[in-house]
Amino acid sequence: MSIWSFANPTRFMAVTARLVPALGALAAVLLGIGLVWGFFFTPDDYRQGATVKIIYLHVPSALFAINAWFMMLAASLIWLIRRHHVSALAARAAAPVGMTMTLIAVVTGAVWGQPMWGTWWAWDPRLTSFLILFLFYLGYIALWGAIDDPDTAADLTSVLCLVGSVFAVLSRYAVNFWNQGLHQGASLSMDVEENVDNVFYYPLIICIAGFAALFVALVLLRTRTEIRARRLHALRLRERMADA
């Protein structure tokens with residue numbers, strides 16, 4: 001079965017009807033294990049104390065705040081090139097999920113950073129780029145809502161997504177681009193010296209897997225809702241034309 005077969009809304013709805021409950025259950029199990037393990041069965045850090053345990057929410061949410069935009073970028077490119085409506089609706093569906101992940105990352109980052117930095121906010125490169133990314137999410141969602149014609153809205157939001165991808169990249173690599181700011185380097189790295197200790201690493205990986213399952217489940221669920229809304233809109237237009 002080709003991946004392009006899922007551009008058929010009927011087939012997409014049939015397959016995702018089984019996937020969404022399974023992914024939701026998997027997310028609940030993984031997050032339950034990861035968060036309980038991380039919050040209750042890992043030690044406090046010798047410098048950061050108990051606040052280090054925010055890592056189990058902050059790192060996964062920050063990761064998927066950025067990856068959500070890249071997923072929207074891929075879906076937008078498919079729409080612009082192949083004009084598959086499901087891809088445009090998937091991009092639209094992912095935006096509120098990505099925006100929520102970005103908000104969680106910003107808030108948990110402030111709570112985590114305040115004891116260490118002595119301030120809730122600093123115009124650090126990564127923090128600033130995340131704030132801009134959040135505003136791009138808001139703008140993307142607002143643009144979808146401001147245009148009545150769905151194809152025109154998909155075209156314009158796809159262009160906005162291309163522009164916003166620059167800031168998604170900056171959010172991911174801000175610490176590498178600028179050797180300044182308060183934010184620490186990556187918590188997960190191929191470099192053993194920079195990676196977090198194994199006592200924090202394993203529950204963190206489980207939490208990231210849980211966030212991944214949750215993200216996919218939410219995007220699929222919202223895409224299904226968008227498909228239904230589009231069908232309802234088409235039916236209403238037909239009724240108006242019939243009455244006219």
Side-chain angles (χ1 to χ4, degrees), residues 1-24 63-102 129 132-172 211-244:
M1 183 184 296
S2 169
I3 189 173
W4 301 115
S5 64
F6 293 102
N8 183 308
T10 301
R11 176 164 291 179
F12 179 88
M13 295 291 283
V15 173
T16 56
R18 299 189 297 270
L19 278 179
V20 170
L23 287 169
L63 180 64
F64 285 97
I66 301 166
N67 288 338
W69 194 275
F70 287 140
M71 175 262 163
M72 290 162 56
L73 172 63
S76 297
L77 288 173
I78 292 172
W79 163 254
L80 291 173
I81 296 170
R82 302 192 63 129
R83 311 303 285 184
H84 289 321
H85 287 92
V86 172
S87 63
L89 296 178
R92 182 179 186 179
V97 182
M99 184 183 70
T100 302
M101 294 288 186
T102 306
S129 60
I132 295 173
L133 181 62
F134 179 77
L135 296 177
F136 265 97
Y137 273 119
L138 284 178
Y140 181 93
I141 294 170
L143 187 58
W144 262 108
I147 301 172
D148 291 331
D149 182 70
D151 287 356
T152 303
D155 289 336
L156 294 178
T157 52
S158 295
V159 174
L160 177 61
C161 191
L162 292 174
V163 176
S165 299
V166 176
F167 291 96
V169 172
L170 290 178
S171 300
R172 173 63 181 85
F211 265 79
L214 178 63
F215 172 75
V216 175
L218 290 175
V219 171
L220 292 179
L221 181 62
R222 285 189 50 81
T223 304
R224 290 170 58 84
T225 303
E226 293 292 343
I227 291 173
R228 291 192 180 102
R230 188 181 181 91
R231 288 175 175 173
L232 181 60
H233 179 70
L235 289 173
R236 287 174 176 172
L237 287 179
R238 290 178 185 176
E239 289 179 357
R240 291 176 186 174
M241 293 177 65
D243 293 339

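Side chains included, hydrogens not; waters and symmetry mates left out as well; all remaining heavy atoms used. The structure displayed is predicted, hence computed values, not measured ones.
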_Using the ring pair (Phe, Tyr, Trp, His ring centres under 6.0 Å) criterion, which residues pair with Phe211? Sequence neighbours excluded._
none
Can you tell me how far the [atom1] atom of [X] sits from the [atom2] atom of [Y], to the nearest 0.5 Å?
X	Y	atom1	atom2	result
Phe136	Ile141	CZ	CD1	13.5 Å
Leu156	Leu143	CG	CG	5.5 Å
Leu221	Leu19	CG	CG	12.0 Å
Met101	Leu63	CE	CG	9.5 Å

*Can you check side chain to side chain contact (heavy atoms under 4.5 Å, CB included) on Val216 and Leu220, steps first, answer last?*
CA-CA 6 Å; Val216 175; Leu220 292 179; 3.9 Å; yes
Taking all non-hydrogen atoms of both residues into account, name the closest pair between [X] and [Y] and its distance.
X	Y	value
Ala17	Arg224	N-NH1, 3.3 Å
Ala94	Met71	CB-SD, 3.4 Å
Ala91	Ala75	CB-CB, 3.9 Å
Ala90	Thr223	CA-OG1, 3.5 Å
Trp144	Pro150	CZ3-O, 3.8 Å
Arg222	Ala93	NE-O, 2.9 Å

_Considering only residues two or more places apart or on different chains, which pairs with a residue in residues 134-151 satisfy salt bridge (Lys or Arg N to Asp or Glu O under 4.0 Å)?_
Asp151-Arg230
*Side-chain heavy atoms of Val97 within contact of Leu214, under 4.5 Å*: no
_Pairs satisfying side chain to side chain donor-acceptor pair (under 3.5 Å), at least one member in residues 87-100, at least two apart_ = none
_Any pair counted as side chain to side chain donor-acceptor pair (under 3.5 Å), so long as it reaches residues 66-77, sequence neighbours left out_ = Trp69-Ser165
_Could you check whether Arg82 makes a cation-pi contact with Trp79, meaning its NZ or CZ is under 6.0 Å from the centre of the six-membered ring and within 45° of the ring axis?_
no
*Would you sort out whether Leu23 and Leu218 count as a side chain to side chain contact (heavy atoms under 4.5 Å, CB included), showing the intermediate values?*
CA-CA 9 Å; Leu23 287 169; Leu218 290 175; over 6 Å; no
*Run the numbers on Arg83 and Asp155 for side chain to side chain contact (heavy atoms under 4.5 Å, CB included), then give the verdict.*
CA-CA 10 Å; Arg83 311 303 285 184; Asp155 289 336; 2.9 Å; yes
_Set of side chain to side chain donor-acceptor pair (under 3.5 Å) partners for Tyr137, sequence neighbours left out_ = none
*Return the set of residues passing side chain to side chain donor-acceptor pair (under 3.5 Å) with Arg228 (not counting sequence neighbours), or none when no residue passes.*
none
